[in-house]
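Working notes for the structure below.
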Amino acid sequence: MKLNVANPATGAQKKLEIDDEKRLRAFYDKRLAQEVEGDSLGDEFTGYVLKIMGGQDKQGFAMKQGVLTPNRVRLLLHKGVSGCRGYGMRKGERRRKTVRGCVVSSEIAVLNVIIVKKGDADIPGLTDVVIPRRLGPKRASKIRKLFNLTKADDVRKYVIRREVPSKKEGGKPESKAPKIQRLVTPQTLQRKRRRASLKRKSVIASQEAAAEYEKKLALLKKEARDSHRQSVSKRKSASKAE
């Protein structure tokens with residue numbers, strides 16, 4: 001079995017190939033999102049706690065959370081659910097897809113785990129190396145959370161930029177930054193107020209049009225009643241004259 005061990009604190013990953021069943025026995029019959037002590041993997045993992053995040057079997061079928069079986073099953077899945085990408089599917093359509101259960105067994109070929117608790121000793125290439133994030137957050141609230149900012153601070157000054165080397169030889173590198181999403185500016189507030197005012201005006205205009213329509217309808221009904229009375233009175237007078 002291959003073990004993909006990731007360390008979220010440093011951003012590093014390491015792949016381990018383990019063929020000894022005794023070392024893997026601690027992972028068997030465990031479910032996704034469960035924590036396992038890493039002592040069984042070797043002395044370098046002493047004191048480490050690993051969390052199972054996912055895996056694939058020998059045929060490439062991914063494990064699915066909530067399917068409480070170590071076997072493969074065929075489920076009716078709709079578009080967007082894990083295990084069903086939904087290419088070419090219509091809205092509301094479901095298809096029967098094969099997925100592996102969330103229980104770890106000997107049929108699993110690749111298991112993805114992360115380090116929840118670090119042990120005493122460092123693991124080379126996993127805990128002694130810090131790999132910086134290539135891209136920073138894009139949403140305004142997440143930038144504030146990352147740098148511990150308040151609403152009064154300007155988020156645009158804290159965007160993480162990255163340099164892209166020039167395609168031309170000897171050219172200056174280009175600096176790129178993401179467009180901040182959900183950024184509240186005076187312009188966005190003005191647009192929001194304008195949308196609200198347009199909505200109010202449309203409601204008032206529709207109410208005035210409805211009142212005008214009711215007034216015209218009442219006038220037409222009155223004219224129809226008057227004409228009906230006149231025609232009835234004419235018929236009565238004609239019948240009396242005869």
Which heavy atom of [X] sits nearest a heavy atom of [Y], and at what distance?
X	Y	answer
S239	K236	OG-O, 2.6 Å
C102	L68	SG-CD2, 3.7 Å
E163	P173	OE1-CG, 3.9 Å

Exceeds 12 heavy-atom contacts within 6.0 angstrom, atom [atom1] of [X]:
X	atom1	answer
K51	NZ	no
E37	CD	no
R162	CZ	yes
Q187	CD	no
R31	CZ	no

Kindly give the cluster partners of [X], where membership spreads through any ILVMFWY side chain lying under 4.5 Å from a current member.
X	result
M1	L3, V5, L16, I18, L24, F27, Y28, L32, V36, L41, F45, Y48, L50, I52, M63, V104, I108, L111, V113, I115, I123, L126
V164	none
L220	none
L75	V67, V73, L77, V81, V99

Subject >> Single hit among I180, V159, L146 for side-chain contact (heavy atoms from CB on, under 4.5 Å) with P137 >> reply: L146
Would you say [X]'s side chain and [Y]'s backbone share a donor-acceptor pair under 3.5 angstrom?
X	Y	answer
E17	K15	no
T98	R74	no
K14	P124	yes
D128	G125	yes

Original post:
What pairs of residues pass the salt bridge (charged side-chain N to carboxylate O under 4.0 Å, His left out) test when at least one of them lies in residues 81-103, not counting sequence neighbours?
Top reply: D57-R100, E93-R95
**OP:** Not counting sequence neighbours, list each pair that qualifies as a salt bridge (charged side-chain N to carboxylate O under 4.0 Å, His left out) and has a residue in residues 105-119.
**Re:** K118-D122
Atom pair [atom1]/[atom2] of [X] and [Y] - distance to nearest 0.5 Å:
X	Y	atom1	atom2	value
S82	Q65	OG	CD	9.0 Å
R139	K145	CZ	NZ	10.5 Å
I160	L135	CD1	CG	9.0 Å
L217	E212	CG	CD	12.0 Å
L149	K151	CG	NZ	12.0 Å

Subject >> All salt bridge (Lys or Arg N to Asp or Glu O under 4.0 Å) counterparts of D43, not counting sequence neighbours >> reply: none
Original post:
Residues two or more places apart in sequence or in another chain: which of them pass side-chain contact (heavy atoms from CB on, under 4.5 Å) with D120?
Top reply: none
**OP:** Using the salt bridge (charged side-chain N to carboxylate O under 4.0 Å, His left out) rule, take D154 and R156 through it: C-alpha gap first, then chi angles, then the decisive distance, then the call.
**Re:** CA-CA 6 Å; D154 191 2; R156 291 170 288 188; 3.2 Å; yes
**OP:** For side-chain hydrogen bond (donor to acceptor under 3.5 Å, both in side chains), just list the numbers for R161 and S175, CA-CA rounded to whole Å, side-chain angles, deciding distance to a tenth of an Å, and then say yes or no.
**Re:** CA-CA 6 Å; R161 306 185 70 90; S175 179; 2.9 Å; yes
**OP:** Could you check T10 against T127 for side chain to side chain contact (heavy atoms under 4.5 Å, CB included), going step by step and ending with a plain yes or no?
**Re:** CA-CA 7 Å; T10 61; T127 58; 5.6 Å; no
If a pair satisfies ring-ring contact (aromatic ring centres under 6.0 Å, His included) and one of its residues is in [range], list it, with sequence neighbours excluded.
range	result
residues 60-96	none
residues 177-226	none
residues 128-158	F147-Y158

Do [X] and [Y] make a side-chain contact, defined as non-hydrogen atoms from C-beta onward lying under 4.5 Å apart?
X	Y	result
K192	T188	no
Q13	N4	no
R229	D226	yes

Subject >> With sequence neighbours excluded, residues passing side chain to side chain donor-acceptor pair (under 3.5 Å) with R193 >> reply: Q190
